[in-house]
Trainee: 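Have a look at this one.
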Amino acid sequence: MLIIAPLINAYGVQEMENKVELLNDVSEFLDKQTDKGGITDEDMDQFYVNVQSHGMILDVKVDRLVKTATDGTIHTTYIAADDNTILNKHDILKVKITEKSSTPYKRLLNVVLRMDDNPYKLEMAKMVK
């Protein structure tokens with residue numbers, strides 16, 4: 001136990017730091033792209049590299065949601081659009097991140113403490129100004 005407890009703590013601290021850095025990367029991407037009003041291929045490539053650089057295997061999905069009226073009534077809904085290169089005012093840019101593999105911290109918790117943690121998920125959205 002003298003070896004395992006500090007190991008669990010070290011892995012836990014590293015995983016929490018990774019999650020905070022990931023949250024910062026997503027927030028920065030949403031702020032930059034909604035202010036700019038469009039997404040280039042270079043922006044997407046850089047975002048993918050930033051997100052994947054934290055040591056986690058992640059599935060990243062970026063959607064542009066467009067506001068549409070339904071049946072001519074006052075009700076409006078947002079639907080996903082195919083083209084992310086141009087963002088119109090009041091469109092919503094949504095990023096969804098899902099962890100695809102287990103980290104050393106989660107494996108250690110599972111083996112030692114028999115705790116099974118769900119995969120990490122992060123979903124953030126921001127409206128274009």
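Fair warning: this is a prediction, and the values are worked out from it, not measured in the lab. Residues: numbered from 1 along the sequence shown.
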Trainee: Report the C-alpha distance between Met127 and His90 in whole Å, list the side-chain angles of each, state the deciding distance to 0.1 Å, and finish with yes or no for side chain to side chain contact (heavy atoms under 4.5 Å, CB included).
Mentor: CA-CA 6 Å; Met127 185 175 286; His90 300 295; 3.6 Å; yes

Trainee: When hydrophobic residues are tied together by side-chain contacts of less than 4.5 Å, even through go-betweens, does Val26 share a cluster with Met16?
Mentor: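 No; tracing contacts between hydrophobic side chains, which count when under 4.5 Å, never links both residues.
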
Trainee: Do Lys121 and Glu99 sit within salt-bridge range, that is, some charged N less than 4.0 Å from a carboxylate O?
Mentor: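 Here Lys121 does not pair with Glu99 in a salt bridge, since their nearest N and O are not under 4.0 Å apart.
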
Trainee: In the hydrophobic clustering (ILVMFWY, side-chain contacts below 4.5 Å, transitive), which residues join Val20, or is it alone?
Mentor: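 For Val20, no cluster forms, as it stays isolated from other hydrophobic side chains.
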
Trainee: Does any N or O in the side chain of Gln52 come within less than 3.5 Å of the main-chain N or O of Leu58, such that one atom is a donor and the other an acceptor?
Mentor: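 Flag set: sc Gln52 to bb Leu58 pair under 3.5 Å.
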
Trainee: Is the number of heavy atoms from other residues, nucleotides or ligands within 6.0 Å of CG (Leu23) greater than 12?
Mentor: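 Enclosed: over 12 neighbouring heavy atoms sit under 6.0 Å from CG of Leu23.
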
Trainee: Of Lys129, Lys36, Lys126, which meets side chain to side chain donor-acceptor pair (under 3.5 Å) against Asp31?
Mentor: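 So, applying the side chain to side chain donor-acceptor pair (under 3.5 Å) to Asp31 and each of Lys129, Lys36, Lys126, only Lys126 qualifies.
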
Trainee: For Lys19, look at atom NZ and say whether over 12 heavy atoms of other residues, nucleotides or ligands are found less than 6.0 Å away.
Mentor: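 It does: Lys19 NZ has more than 12 such atoms within range.
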
Trainee: Please report the interatomic distance CG(Asn50) to CZ(Phe29), rounded to the nearest 0.5 Å.
Mentor: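 One finds 10.0 Å between CG of Asn50 and CZ of Phe29.
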
Trainee: Under 3.5 Å, is there a donor-acceptor pair between the side chain of Thr34 and the main chain of Leu30?
Mentor: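 Confirmed, Thr34 side chain pairs with Leu30 backbone.
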
Trainee: Looking at Ile92, Leu87, Val128, which one forms a side chain to side chain contact (heavy atoms under 4.5 Å, CB included) with Arg64?
Mentor: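 By the side chain to side chain contact (heavy atoms under 4.5 Å, CB included) criterion, Arg64 pairs with just one of Ile92, Leu87, Val128: Leu87.
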
Trainee: Between the side chain of Asn18 and the main-chain N/O of His54, is any donor-acceptor distance below 3.5 Å?
Mentor: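 A pair under 3.5 Å: yes.
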
Trainee: Quick check: do Val62 and Met44 have side-chain heavy atoms less than 4.5 Å from each other?
Mentor: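 Answer yes - side chains close enough.
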
Trainee: For Asp25, which residues count as a salt bridge (charged side-chain N to carboxylate O under 4.0 Å, His left out) partner, sequence neighbours excluded?
Mentor: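 Salt bridge (charged side-chain N to carboxylate O under 4.0 Å, His left out) list for Asp25, sorted by chain: empty.
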
Trainee: Hey, are Asp43 and Thr40 close enough side-chain-wise for a donor-acceptor pair under 3.5 Å?
Mentor: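 Yes, a side-chain donor-acceptor pair sits under 3.5 Å.
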
Trainee: Verify whether one side chain among Glu28 and Asn24 offers a donor that lies under 3.5 Å from an acceptor in the other.
Mentor: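 Result is no, nothing qualifies.
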
Trainee: Side chains of Phe47 and Val60, heavy atoms from C-beta outward: is any pair under 4.5 Å?
Mentor: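 SC-SC contact between Phe47 and Val60 confirmed.
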
Trainee: Rounded at 0.5 Å granularity, tell me how far CE in Met56 sits from OG in Ser101.
Mentor: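 Going from CE on Met56 over to OG on Ser101, the span is 8.0 Å.
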
Trainee: Closest approach of Val51 and Leu22, non-hydrogen atoms and distance?
Mentor: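 Taking every non-hydrogen atom into account, CG1-CD1, 3.5 Å.
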
Trainee: So Thr98 and Leu122, side chain to side chain contact (heavy atoms under 4.5 Å, CB included) or not? Walk me through it.
Mentor: CA-CA 7 Å; Thr98 307; Leu122 173 66; over 6 Å; no

Trainee: Does Tyr120 reach the side chain of Lys100, with side-chain heavy atoms less than 4.5 Å apart?
Mentor: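 In short, these two side chains do not touch, never coming nearer than 4.5 Å.
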
